[in-house]
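By convention in this document, chain letters (A, B, ...) are assigned in the order of the sequence lines, proteins followed by strands, and residues within each chain are numbered from 1.
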Number of protein chains: 2
Amino acid sequence: MSESAKKSEQTRRRILEAALTLFQKRGFTETTMRDIAKEAGVALGATYYYFDSKDAIVMAFYEQAQQEWVPAAEKTLSESKDLKQRLTGVIDAKFKCFAPHRRLLATLSGHIDPQHPLSPFSEPTRHIRDRDISFMTRALEGAKVKLTPDLKPFMPRVLWLYQLGLLLFWIYDRSSQQRKTNQLFEKSLAIVVALIRLSSFALLRPIRKLAADLLGLLYEESPVASETSV
Amino acid sequence: MSESAKKSEQTRRRILEAALTLFQKRGFTETTMRDIAKEAGVALGATYYYFDSKDAIVMAFYEQAQQEWVPAAEKTLSESKDLKQRLTGVIDAKFKCFAPHRRLLATLSGHIDPQHPLSPFSEPTRHIRDRDISFMTRALEGAKVKLTPDLKPFMPRVLWLYQLGLLLFWIYDRSSQQRKTNQLFEKSLAIVVALIRLSSFALLRPIRKLAADLLGLLYEESPVASETSV
DNA sequence: GTCTATATGGAGATAGAC
DNA sequence: GTCTATCTCCATATAGAC
């Protein structure tokens, strides 16, 4: 049994790898299930034996990327107490995991709809998202920054959203070596960190109040969460 | 000839209307070209005579919505000199035009890719986008606000992006009557306007500098513009 | 349990008659 | 301009061999 389990797992990996290779080379839509089967050296039916659908392959990819990312993010958190560096590390690790699959992500970013299983806001991807956010919490907590109590509970989610925005920009960044994303990352993070520090100053209190109110409303029950009514 | 031109235009409208009705009722992907033809009372081939593709129908919709929006936006600009009210008016008009087609927009928001013709960042939609942005310019210029010269050239595009973000949120806002979007709109606009006013104060100079640098880099040649390299 | 071979049904699009 | 008939392609399903 451990024999066959091994072999089975091997086939599964071969199919997944074949799919990811083709997705990267030709794009998601352009790659057919037949192509994947052929590339993996199995029959079409076999790919459906291991993956319920084409989308399911993508989900498997998410999981795999997450598994790579967690230890890398973990490591950077242990290396510095500086907020900017902590955030840089965590987000950078994400970029590194996704880099070999930029093309796939491009086709995917189509699914913003929280109802779509593959959406970063969906229920099926919740565990991945929550994990991501928990690292933002830790990045903040391990750093020496003061957060006012009105903003504190929201900051991890806000940072997660910020990181998602960066990823989205990166996916479509056609400048060579994604130079622009690098600059955007560096400079915008400086702004983010500066704002976090400034946010506790009295002068900005009115704006902070507005922001906290807003976040309270939005996250009270998330509009990206799945209420069933349309 | 004016006879047949009229009749032709009529058929075209009938097809467009049928499509939009179905898109709203069932969603874009779920509606087939056959459904549209049937609803419009023509043969499948006829719809392809008037519209090159399913996507082309959507493009026609964009144009139509824009045509509705322009005079409405125009009107609000003539009604107030207050920045917040001007922005509210312009953006609100957009929501009103799009409201009957929220469902269609949902399926569409999939195309963030600037390479995709229907993307809000694409070349084919540039004229629409530029028109939108020109209204942001006018909203700013007709109001009594001081903008520092480093930020000034970017603000219209930033505001356009802001409005796009609101639309995106709205599209997937499942709260009843899109209540959350309304709150988001109101409160975030207050923040935006407050930030614009604050931006000329000395204390925020360092952050403004960062932001201006950043915008300069991003828009120097837009990363969402179509460089041909991948 | 693992996989092959084959079938199904529906989509967007087109060619060419009327 | 409009229609009918048809093409091509694909995700997915299934029957049954090993």
Check: Going by the side-chain hydrogen bond (donor to acceptor under 3.5 Å, both in side chains) test, which pairs reach into residues 39-58 of chain A, not counting sequence neighbours?
Finding: S8(A)-Y50(A)
Margin query: Between the side chains of R174(B) and D113(A), is the shortest nitrogen-to-carboxylate-oxygen separation below 4.0 Å, so that they form an ion pair?
Written below: yes
Check: Rounded to the nearest 0.5 Å, what separation is found between the CZ atom of R179(B) and the CG atom of L184(B)?
Finding: 12.0 Å
Notebook entry, point to check: Passes salt bridge (charged side-chain N to carboxylate O under 4.0 Å, His left out), E123(A) versus R126(A)? Steps please.
Noted result: CA-CA 5 Å; E123(A) 207 45 53; R126(A) 174 186 287 279; 2.7 Å; yes
Check: Which residues in residues 23-33 of chain A have at least one heavy atom lying under 4.0 Å from any atom of DNA chain C?
Finding: none
Notebook entry, point to check: Looking just at side-chain N and O atoms, do H101(B) and Q64(B) make a donor-acceptor pair shorter than 3.5 Å?
Noted result: no
Check: Looking at L218(B) and F169(A), what are the two nearest heavy atoms and their distance?
Finding: CD2-CZ, 3.8 Å
Note to self: Holding to side-chain hydrogen bond (donor to acceptor under 3.5 Å, both in side chains), I want the full list of residues that pass it with R26(A), two or more places apart in sequence or in another chain.
What the structure shows: D35(A)
Check: Who passes side-chain hydrogen bond (donor to acceptor under 3.5 Å, both in side chains) against K75(A), sequence neighbours left out?
Finding: E79(A)
Notebook entry, point to check: Can you name the residues that form a side-chain hydrogen bond (donor to acceptor under 3.5 Å, both in side chains) with Q183(B), not counting sequence neighbours?
Noted result: none
Next item on the list: In whole angstrom, give the distance that lies between atom NZ of K38(B) and atom P of dT2(D).
Entry: 20 Å
Please produce a list of atom pairs where a protein N or O lies less than 3.5 Å from an N or O of nucleotides 3-7 of chain C.
{"unit_1": "dC3(C)", "atom_1": "OP1", "unit_2": "T11(A)", "atom_2": "OG1", "d": "3.3"}
{"unit_1": "dC3(C)", "atom_1": "OP2", "unit_2": "Y50(A)", "atom_2": "OH", "d": "2.3"}
{"unit_1": "dT4(C)", "atom_1": "OP2", "unit_2": "A43(A)", "atom_2": "N", "d": "2.5"}

Note to self: Tell me every residue that passes side-chain hydrogen bond (donor to acceptor under 3.5 Å, both in side chains) with S119(B), counting only those two or more places apart in sequence or in another chain.
What the structure shows: none
Set out, line by line, the N/O atom pairs under 3.5 Å between protein and nucleotides 15-18 of chain D.
none

Notebook entry, point to check: Within less than 4.0 Å of OP1 or OP2 of dA13(C), is there a side-chain N or O belonging to Y48(B)?
Noted result: yes
Item checked: Partner residues of T125(B) under the side chain to side chain contact (heavy atoms under 4.5 Å, CB included) criterion, sequence neighbours left out -> M59(B), Y62(B), S122(B), R129(B)
Item checked: E186(B) atom CD: more than 12 heavy-atom contacts under 6.0 Å -> no
Note to self: Taking side chain to side chain contact (heavy atoms under 4.5 Å, CB included) as the definition, give me every residue that meets it alongside R157(B), ordered by chain and number, with sequence neighbours left out.
What the structure shows: I133(B), F154(B), Y219(B)
Margin query: Under 6.0 Å between ring centres: does that hold for F135(B) and W69(B)?
Written below: yes
Notebook entry, point to check: Hey, can you pull the residues of residues 51-62 of chain B with a non-hydrogen atom under 4.0 angstrom from DNA chain D?
Noted result: none
Checklist line | Sidechain N-carboxylate O distance under 4.0 Å for R138(A), E74(A) | finding: yes
Item checked: Five-pair end axes of the helix from dG1(C)-dC18(D) to dC18(C)-dG1(D) and the angle they enclose, rounded to 10° -> 0°
